[in-house]
Every structure is written in structure tokens, then in C-alpha cells.
Amino acid sequence: MAQRTVLAVLFDGVQSLDVTGPVEVFAGAELLSPGTYRIRTASPDGAPVRTTSGLTLVPDESLDGVSDPHTLLVPGGPGSLDPDPRLVDWVREHGPRAVRLVSVCTGAAVLAAAGLLDGRRATTHWAYCDRLAREHPAVEIDPDPVYVRDGHIATSAGVTAGIDLALALVEEDLGRDAALAIARHLVVFLRRPGNQAQFSAQLEAQTAHREPLRDAQRFITERPDADLSVEALAARARLSPRHFARAFRDETGMTPGRYVDRVRLEHARRLLEDTTDGIEEISRTSGYGTPEAMRRAFVKALGTPPAEYRRRFRPATTP
């Protein structure tokens, strides 16, 4: 198997985890299968760079001395939003020649500034999607997915989404079991497919201010198989159904029904990945009631049925 060079570009104001997250994934793959990846870092002038967290990263070389890599990784951070013109020029020239051109978080802004995302679908950190769409109207920005692949270019959402994308690339190169072994070694809680939303239900929704509503959120998470109708949750919160539904939406930014749907989906996914429980049992304990109801929910949200999801995202053998 030919060795693949992975080059991460560095610049002042880079987000450290945008670099180290994907690099750790590729380094883990190299440990599993020596000779698979050669990992390099480079800055415009070869000088050390200062990350947003105050860490100093020392590159291997300057961009001027780098040959075209197999996988070119452009991380994000404030320094990518007003990028060094030397970096943009280099990416504009070398990006199209890479077998895979990858951005993490706001690294997509560098690719857009280089004109490499024009006419393509892309994503970035949710907080910067509107800005990227406004500044680069020729780019089709999708604010929801964890990562998006369009041809040889892949863009990912904020920070840890770079790990998800790197794992997907390793799976493409070395297979599913290798990617899952790396994910487990890194203690990544959940290896998310690209079309997974950037937020889990608990992250997407705000925590309610009032204790009865916070209690309802906890109950939904702990008991996805319970009666979680608005009427039942309202009774638990000692509110009328109408008042409960309005207050829940106002304080969390999400309707009770959507919150319940997201929690049940996440619960079912974890069981499919981490247990040998049957589909019927998982559909019951996750609150779907029937395998068919769970299948419809999976196809709608993830584009794949539960059995196929398990095949893709559960290791062949349980450690």
C-alpha cells in the first residue's frame, strides 16, 4: 500500500484542536498499519505559530519547500477568517493537485478565499455559516452536517468534527474496523456519519431556566422508552400542556417533540454501536415501540436503516 502524505498547514491564530484532532487520528492509523501515512506540518515561512489557546506549534518546514501532499488539511481558527495572503495563494495553487483537500471548522474560509469552493457544497462551524455564505455567495453552505464531501474536497464543522472527518477518511483508506479501533483508542464517544447534525439534542437545546422544565429534560434523556407525550411531560412539570409546550420551546429553543425525537435517535444509535441487543429490543427501549417506527426515524434522519447503521458503525468484534 502506497504511503499517503498528510500535510496540515499552520498559521498564527489557528485552533489547536483543529490540527491535533485529525493528526492524532492519522497518527493512530500509522501505528495500526505502519507505512500508511506520513504526517507533516508547514507554515507560510516555516516559523512557529501561536494558537488561539496560547500553544506554540513548530512546523516541520515552510510551505515553499513542500511537495504536493495526498491529503491537504486546512484547519480553522480566527487566523483563517482573515488569512495570510501567502497561505491563500499556496492553497489556491496546490489544493487542486491534492488527492483530498480537507478543511476543519473555519478552515473552509481559506478554501473559499482561494476560490476552491465556488459551485460546491460545503459546511463550517455553525456560528460562521452565515458569514461564509455572505462573503462567498458562489459557495453552497449547508449549516447542519458534521462534514460534507463534494468531489475531492471535504469540509467539516467545528473543532471535533475534524476528528469525525479524519476517521471517515481512514475508514476509506484502511477499512471500518481500523477507523473504529482508532475511535475507541481516542475514547471518541460517538463516531458520527457526515450527515449527522452538528448538535446532539442535549447540545442543540438550551438548558431550561425553570427546574420543572429541566427535570423534564433529564427525564426524557433517562427514560426514552416512557410516555413522553406533551400531556405526560406537562403533568410531570405540573403545567397545562399548552403552557408546557410554549415554555419548553421558549426556554430550550426546541419543541418537546423534536427534543424527544433527537434523544430517542441518539439512544438507539448508541445501543446499535455498543451492544448486541436485537433491533426489536432496541426499538422498544429507545421508545419507538416497533422496529418499523425506528427504521422510519433512522432513514429520515440519517439516510440509512438501523441494520445498515449497525453494520457500518459497530466493530466486527467487541473488545
Taking every heavy atom of His152 against every heavy atom of Val99, the minimum-distance pair comes out as CB-O, 3.2 Å

When you check the gap from the basic side-chain N to the acidic O, do Glu266 and Arg269 get nearer than 4.0 Å?
-> no

Is it true that Arg4 and Glu30 make a salt bridge, defined as a side-chain N closer than 4.0 Å to a carboxylate O?
-> no

Can you check whether Val6 reaches Pro69 side chain to side chain, under 4.5 Å on heavy atoms?
-> no

Identify whether the distance between the nearest side-chain nitrogen and carboxylate oxygen of Lys300 and Asp261 falls below 4.0 Å.
-> no

Listed by chain and number, what are the ring-ring contact (aromatic ring centres under 6.0 Å, His included) partners of Tyr288, not counting sequence neighbours?
-> none

Identify the heavy atoms of Met254 and Phe248 that sit nearest to each other, and give their distance.
-> O-CD2, 3.2 Å

Same cluster for Leu81 and Val14 if Ile/Leu/Val/Met/Phe/Trp/Tyr side chains link at under 4.5 Å?
-> no

Determine yes or no for a side-chain-to-main-chain donor-acceptor pair under 3.5 angstrom, with Ser103 supplying the side chain and Val74 the backbone.
-> no

What do the steps show when you test Arg38 against Asp60 for salt bridge (charged side-chain N to carboxylate O under 4.0 Å, His left out), and what is the final call?
-> CA-CA 12 Å; Arg38 177 175 179 262; Asp60 295 307; over 6 Å; no

Determine whether Arg97 and Leu72 make a side-chain contact, defined as any pair of heavy atoms from C-beta on separated by less than 4.5 Å.
-> no

Does the side chain of His125 come under 3.5 Å of the side chain of Thr106 through a donor N or O and an acceptor N or O?
-> no

Is there side-chain contact between Val260 and Thr255, with heavy atoms separated by less than 4.5 Å?
-> no

Quick one: does Gln217's side chain get under 4.5 Å of Glu251's, heavy atoms only?
-> no

What's the verdict on salt bridge (charged side-chain N to carboxylate O under 4.0 Å, His left out) for Glu292 and Arg295, showing C-alpha distance, side-chain angles and the deciding distance?
-> CA-CA 5 Å; Glu292 175 58 25; Arg295 189 194 71 80; 3.1 Å; yes

Side chains of Asp64 and Ser62: do they bring a donor and an acceptor to under 3.5 Å?
-> no

Cationic N near anionic O, under 4.0 Å, Arg86 to Asp89 = no

Which distance, rounded to the nearest 0.5 Å, do you find between the CG of Leu17 and the CD of Glu24?
-> 10.0 Å

To the nearest 0.5 Å, atom CZ of Phe219 lies from atom CG of Leu228 at 6.0 Å

Please assess Thr155 against Thr124 for the test side-chain contact (heavy atoms from CB on, under 4.5 Å), listing each intermediate value before the final yes or no.
-> CA-CA 7 Å; Thr155 53; Thr124 187; over 6 Å; no

Can you name the nearest heavy-atom pair linking Arg264 to Ser286, along with the distance?
-> CG-O, 2.9 Å

With rounding to the nearest 0.5 Å, note down the distance linking CD in Glu61 to OG in Ser67.
-> 7.5 Å

Rounded to the nearest 0.5 Å, how far does CG of Leu57 lie from CZ of Phe11?
-> 10.5 Å

If two hydrophobic side chains count as joined below 4.5 Å and joins carry through other members, does Val230 share a cluster with Val263?
-> yes

Only residue of Asp150, Val148, Leu111 satisfying side-chain contact (heavy atoms from CB on, under 4.5 Å) with Arg120 is Asp150

Evaluate the side-chain proximity of Arg149 to Leu169: yes if any heavy-atom separation is below 4.5 Å, no if none is.
-> yes

Roughly how far, to the nearest 0.5 Å, is OG of Ser156 from CG of Leu73?
-> 8.0 Å

Side-chain donor or acceptor of Arg50 paired with backbone N/O of Gly54 under 3.5 Å | yes

Report, one line per pair, each donor and acceptor closer than 3.5 Å where one atom sits in a side chain of residues 128-140; sequence neighbours left out.
from	atom 1	to	atom 2	distance (Å)
Arg131	NE	Glu135	OE2	3.0

Got Leu213 and Thr252 here, is their nearest side-chain heavy-atom distance under 4.5 Å?
-> no

List the steps, then state whether side-chain contact (heavy atoms from CB on, under 4.5 Å) holds for Leu32 with His185.
-> CA-CA 11 Å; Leu32 274 179; His185 178 72; over 6 Å; no

Kindly give the heavy-atom pair with the smallest separation between Asp227 and Ala232, and that separation in Å.
-> O-CB, 3.4 Å

Heavy atoms only: give me the nearest Ala42-Val66 pair and the separation to one decimal.
-> CB-CG2, 3.8 Å

Residue pairs fulfilling salt bridge (charged side-chain N to carboxylate O under 4.0 Å, His left out) with at least one residue in residues 280-291, sequence neighbours excluded = none

Can you check whether Tyr37 reaches Val170 side chain to side chain, under 4.5 Å on heavy atoms?
-> yes

How far does CD1 of Ile282 sit from CE of Met294, to the nearest 0.5 angstrom?
-> 5.5 Å

Any side-chain heavy atom of Phe298 within less than 4.5 Å of one from Leu272?
-> yes

Test side-chain contact (heavy atoms from CB on, under 4.5 Å) applied to Ile163 and Val104, Val25, Ile182, Val146, the passing residue = Val25

Compare every heavy atom of Leu265 with every heavy atom of Ala301, then report the nearest pair and how far apart it is.
-> CB-CD2, 3.5 Å

